[in-house]
A.B. asks: 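My questions will all concern the structure given below.
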Amino acid sequence: MCQSNTLIQEKFGIINRCESCGIMDLTFGNFSMQMSEKDFCMFLAFINSLCKKYVNRGKNLCRDIKITTRVDNLQLVVCYKELRQLQEMMAEAVLILEAEQLIK
């Protein structure tokens with residue numbers, strides 16, 4: 001049975017990690033995804049690349065940035081502000097995981 005540990009909780013999302021199996025649970029806005037820590041870090045790298053690509057849209061609140069998924073015909077759509085919030089939340093979670101590894 002999974003024992004969830006909350007790493008980050010913000011008004012727009014939450015990131016939990018199961019202490020027994022290591023699965024990361026990312027809930028942001030109106031979507032939720034579960035993935036391994038490795039996949040979580042790879043997803044963060046992808047989000048980082050999108051932030052760099054769309055940096056000029058900083059004040060644009062139109063949801064026109066599409067995040068592709070592995071499911072055919074399913075994409076997540078966010079504005080740049082939401083993309084940055086997701087990036088910051090995920091990056092903070094990775095820092096917490098790295099700090100926990102140093103403590104152990």
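On a predicted model such as this, the values are computed, not experimentally measured, just so you know.
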A.B. asks: Answer whether the closest heavy-atom distance between the side chains of K38 and M42 falls below 4.5 Å.
C.D. replies: yes
A.B. asks: Hey, mind stepping through V78 and R63 against side-chain contact (heavy atoms from CB on, under 4.5 Å) and telling me if it holds?
C.D. replies: CA-CA 5 Å; V78 296; R63 286 191 169 125; 5.5 Å; no
A.B. asks: Nearest 0.5 Å, please: how far is CG in L26 from CG in L86?
C.D. replies: 6.0 Å
A.B. asks: Measure the CG-CG distance between L7 and L97 for me, rounded to the nearest 0.5 Å.
C.D. replies: 5.0 Å
A.B. asks: After noting the C-alpha distance and the side-chain angles of Y80 and N56, does the key distance pass the side-chain contact (heavy atoms from CB on, under 4.5 Å) rule?
C.D. replies: CA-CA 9 Å; Y80 185 76; N56 294 330; over 6 Å; no
A.B. asks: Tell me, please, which residues at least two apart from E10 pass salt bridge (charged side-chain N to carboxylate O under 4.0 Å, His left out).
C.D. replies: none
A.B. asks: For M89 and F12, which heavy atoms make the closest approach, and how far apart are they?
C.D. replies: SD-CE1, 4.0 Å
A.B. asks: When clusters are formed from ILVMFWY side-chain contacts under 4.5 Å, directly or step by step, what else is grouped with L74?
C.D. replies: V71
A.B. asks: Are the side chains of C18 and D25 in touch, meaning some heavy atoms are under 4.5 Å apart?
C.D. replies: no
A.B. asks: How many angstroms lie between atom CG of D39 and atom CD of E37, to the nearest 0.5 angstrom?
C.D. replies: 10.5 Å
A.B. asks: Would you say L83 and K53 make side-chain contact, with heavy atoms under 4.5 Å?
C.D. replies: no
A.B. asks: So how far is it from F43 CZ to I67 CD1, rounded to the nearest 0.5 Å?
C.D. replies: 5.0 Å
A.B. asks: Could you tell me which non-hydrogen atom of A93 sits nearest to which non-hydrogen atom of I15, and how far apart they are?
C.D. replies: CB-CD1, 3.8 Å
A.B. asks: Given the rule that I, L, V, M, F, W and Y join up when any side-chain heavy atoms are under 4.5 Å apart, are I23 and F40 in one cluster?
C.D. replies: no
A.B. asks: Taking only residues two or more places apart in sequence, or in another chain, which ones meet E98 in a side chain to side chain donor-acceptor pair (under 3.5 Å)?
C.D. replies: none
A.B. asks: Calculate, to the nearest 0.5 Å, the distance between atoms OG and CE belonging to S4 and M24 respectively.
C.D. replies: 10.0 Å
A.B. asks: Test of understanding: with salt bridge (charged side-chain N to carboxylate O under 4.0 Å, His left out), list the residues that count as partners of E92, not counting sequence neighbours.
C.D. replies: none
A.B. asks: Enter the distance from T27:OG1 to I8:CD1 here, rounded to the nearest 0.5 Å.
C.D. replies: 13.5 Å
A.B. asks: Which atoms form the tightest heavy-atom contact between Q75 and T68, and what is the distance?
C.D. replies: NE2-CG2, 3.7 Å
A.B. asks: Under 4.5 Å between side-chain heavy atoms, counting indirect links through other Ile/Leu/Val/Met/Phe/Trp/Tyr residues: same cluster for I47 and I14 or not?
C.D. replies: no
A.B. asks: Applying salt bridge (charged side-chain N to carboxylate O under 4.0 Å, His left out), can you list everything that pairs with D64, at least two apart in sequence or on another chain?
C.D. replies: R57
A.B. asks: Quick one: side chain to side chain donor-acceptor pair (under 3.5 Å) partners of E100, sequence neighbours excluded?
C.D. replies: none
A.B. asks: Identify whether the distance between the nearest side-chain nitrogen and carboxylate oxygen of E19 and R17 falls below 4.0 Å.
C.D. replies: yes
A.B. asks: Does M35 belong to the same Ile/Leu/Val/Met/Phe/Trp/Tyr cluster as M90, with side-chain heavy atoms less than 4.5 Å apart forming each link?
C.D. replies: yes
